Amino acid sequence: MAICISVVLIIIFIGNGFLGKLASGSLQNHYTAASEIKNTASQNPVIVVLGGGVVDINNTETLHTMSYSRLVKAYQLYDEYRKNNLPCKILISGKGRGHTSEAELFRENFERMGVSDADIIKEDKSMNTYENAKYSGRILKQMSPSCVYLVTSGFHMKRSVALFRTFGVNPVPQASDFINTEITLFPNSYNAAFTFVMLKEILGIWQVHLYNSWGINA
C-alpha cells in the first residue's frame, strides 16, 4: 500500500510541473542573459553548434525540430560578425544516427541561409555530447580561436559547457531555446515529458563531475 501511495505521489509531483519548474531554473536561468550577443570584438571567433538529432520521415532525413533554433542562433551570431566585415567560422558538431550526418544537414541549411562554405567546418563523428566536446576540442586546439561560442538548447547548456571545459575549451554560452513546465492542479503528459528531459540532464551533469573526479573523462 505504501509503495502504491509513493508511486502516485511521484507521478503527481512530476506531472503537475513543480519538479520540472525547479529543474528548469537550475539548468537554464544562468543562460537567459548570456544568450544575448554582447561582444563582436574578437577577431577570430568560432561558433560551435551542437546537433539536435536527425528525424527520418518517409525515408527523408531532416533535422530534429530543436535543431532549428540552434541553426538560427548560430546564424545570428555569424551574421553579427559578417555585417561588421569580421571573419567568423561555424563548427558544426554531430553525426547522429541517420545515413546523413547532422553536420551535413546543418551545412546544407547554413548554405541556403547564405553562409559561405569556406566558413563552415564539419565535425561529423560524434554520437553524443561527450564526443561533441572531445572531437570539437581537438579541432579548436588546432585553430586557436580568439573566442569560442557554444550554441545549444538552454536545458542542454550546463552539461555541454562542463564537458567542453573538461577538454580544455572555455566557451561563451549562447542558448538557442528554453523549455519549462507549468504548475497544474492535475498531472499532464507535457509536464511529465519535459520534466524527464531535464532530470536526465541533471543526472548527466552529476555524471560529468563524478567521472572528472575519477579521471575517466579524457
Side-chain angles (χ1 to χ4, degrees), residues 24 27-54 62-96 101-124 126 129 132-180 201:
S24 174
L27 290 171
Q28 300 177 126
N29 282 356
H30 181 67
Y31 302 111
T32 52
S35 66
E36 299 173 4
I37 302 171
K38 295 182 177 179
N39 181 20
T40 55
S42 299
Q43 295 301 307
N44 185 33
V46 174
I47 301 162
V48 179
V49 55
L50 305 187
V54 175
T62 186
L63 293 173
H64 189 281
T65 182
M66 75 172 64
S67 295
Y68 287 97
S69 65
R70 302 179 189 185
L71 188 80
V72 170
K73 186 65 179 181
Y75 179 79
Q76 288 174 337
L77 280 164
Y78 174 82
D79 186 59
E80 190 73 17
Y81 277 92
R82 298 306 298 168
K83 73 183 182 183
N84 288 293
N85 295 315
L86 296 171
C88 184
K89 301 289 186 183
I90 298 177
L91 171 56
I92 311 159
S93 180
K95 180 182 186 302
S101 71
E102 293 173 298
E104 175 59 22
L105 290 172
F106 264 88
R107 185 197 65 79
E108 293 172 1
N109 279 275
F110 276 130
E111 286 197 332
R112 293 190 192 103
M113 297 166 77
V115 178
S116 169
D117 192 53
D119 290 335
I120 298 174
I121 304 158
K122 293 194 302 179
E123 182 289 290
D124 56 5
S126 56
T129 309
N132 285 146
K134 181 178 181 179
Y135 299 144
S136 295
R138 291 175 181 174
I139 296 171
L140 291 167
K141 285 178 182 178
Q142 294 175 349
M143 299 177 67
S144 299
S146 57
C147 176
V148 176
Y149 294 103
L150 181 60
V151 176
T152 189
S153 302
F155 72 89
H156 186 234
M157 185 65 76
K158 205 168 202 176
R159 181 162 63 97
S160 300
V161 169
L163 282 167
F164 270 79
R165 286 175 177 168
T166 296
F167 290 99
V169 180
N170 190 25
V172 178
Q174 293 290 318
S176 59
D177 58 83
F178 300 92
I179 60 175
N180 207 344
E201 285 298 313

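Given the structure is predicted, the values throughout are model-derived calculations rather than measurements. Both backbone and side-chain heavy atoms feed into the values below; hydrogens, waters and symmetry mates do not.
A distance of 3.5 Å separates SG in C88 from CD1 in I47, rounded to the nearest 0.5 Å. Going from atom CZ of R107 over to atom CG of D117 covers 5.5 Å, rounded to the nearest 0.5 Å. In this structure, the separation between CE on M157 and CZ on F155 is 10.5 Å, given to the nearest 0.5 Å. Atom CZ of F178 and atom CG of L27 lie 11.5 Å apart (nearest 0.5 Å). To the nearest 0.5 Å, the span separating CG on L77 from CZ on R82 amounts to 14.0 Å. Note that OG of S93 is 7.5 Å distant from CD1 of I139, once rounded to the nearest 0.5 Å.
Contact record, S101 with G94: CB-O, 4.0 Å, taken as the closest heavy-atom pair. The shortest non-hydrogen separation linking L50 to F106 is O-CZ, 4.2 Å. Here the closest non-hydrogen pair linking P87 and P45 is O-CD, 3.3 Å. F110 and Y75 get closest at one heavy-atom pair: CE2-N, 4.1 Å. For the pair R165 and P171, the tightest heavy-atom approach, listed with the atom from each and the gap, is CG-CD, 4.4 Å.
V148 is listed as a side-chain neighbour of V48, based on a closest heavy-atom distance under 4.5 Å. Between S116 and Y78, the closest side-chain pair of non-hydrogen atoms falls below 4.5 Å. Side-chain contact check for L105 versus I92: every heavy-atom pair is 4.5 Å or farther apart. With a 4.5 Å cut-off on side-chain heavy atoms, V169 and K141 do not count as touching. Side-chain contact between L91 and M143: absent, with no pair of heavy atoms (C-beta onward) separated by less than 4.5 Å.
We find that D124 and K95 are not joined by a salt bridge, their nearest charged nitrogen and carboxylate oxygen being 4.0 Å or further apart. Remark: K73 does not engage D177 in a salt bridge, criterion side-chain N to carboxylate O under 4.0 Å.
A donor-acceptor distance shorter than 3.5 angstrom exists from the side chain of R70 to the backbone of G51, with no hydrogens or angles considered. E123 places no side-chain N or O within 3.5 Å of a backbone atom of S136 that could act as its donor or acceptor partner. Using a distance-only test at 3.5 Å, with no hydrogens or angles considered, no donor-acceptor pair links the side chain of Q174 to the main chain of A74. A distance-only check finds a donor-acceptor pair linking the side chain of Q28 to the backbone of I179 [under 3.5 Å].
In summary, the side chains of Y31 and T152 do not present any donor paired with an acceptor at a separation below 3.5 Å, with no hydrogens or angles considered.
Checked against E201 for a side chain to side chain donor-acceptor pair (under 3.5 Å), the options H156, R159, K158 give a single hit: R159.
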Can you check side-chain contact (heavy atoms from CB on, under 4.5 Å) on I90 and V49, steps first, answer last?
CA-CA 7 Å; I90 298 177; V49 55; 4.0 Å; yes

Please assess C147 against V172 for the test side-chain contact (heavy atoms from CB on, under 4.5 Å), listing each intermediate value before the final yes or no.
CA-CA 8 Å; C147 176; V172 178; 3.8 Å; yes

Go through it in stages, so that I can follow the logic: the residues are M113 and D79, the test is side-chain contact (heavy atoms from CB on, under 4.5 Å), and I'd like the CA-CA distance, side-chain angles, deciding distance and then a yes or no.
CA-CA 10 Å; M113 297 166 77; D79 186 59; over 6 Å; no

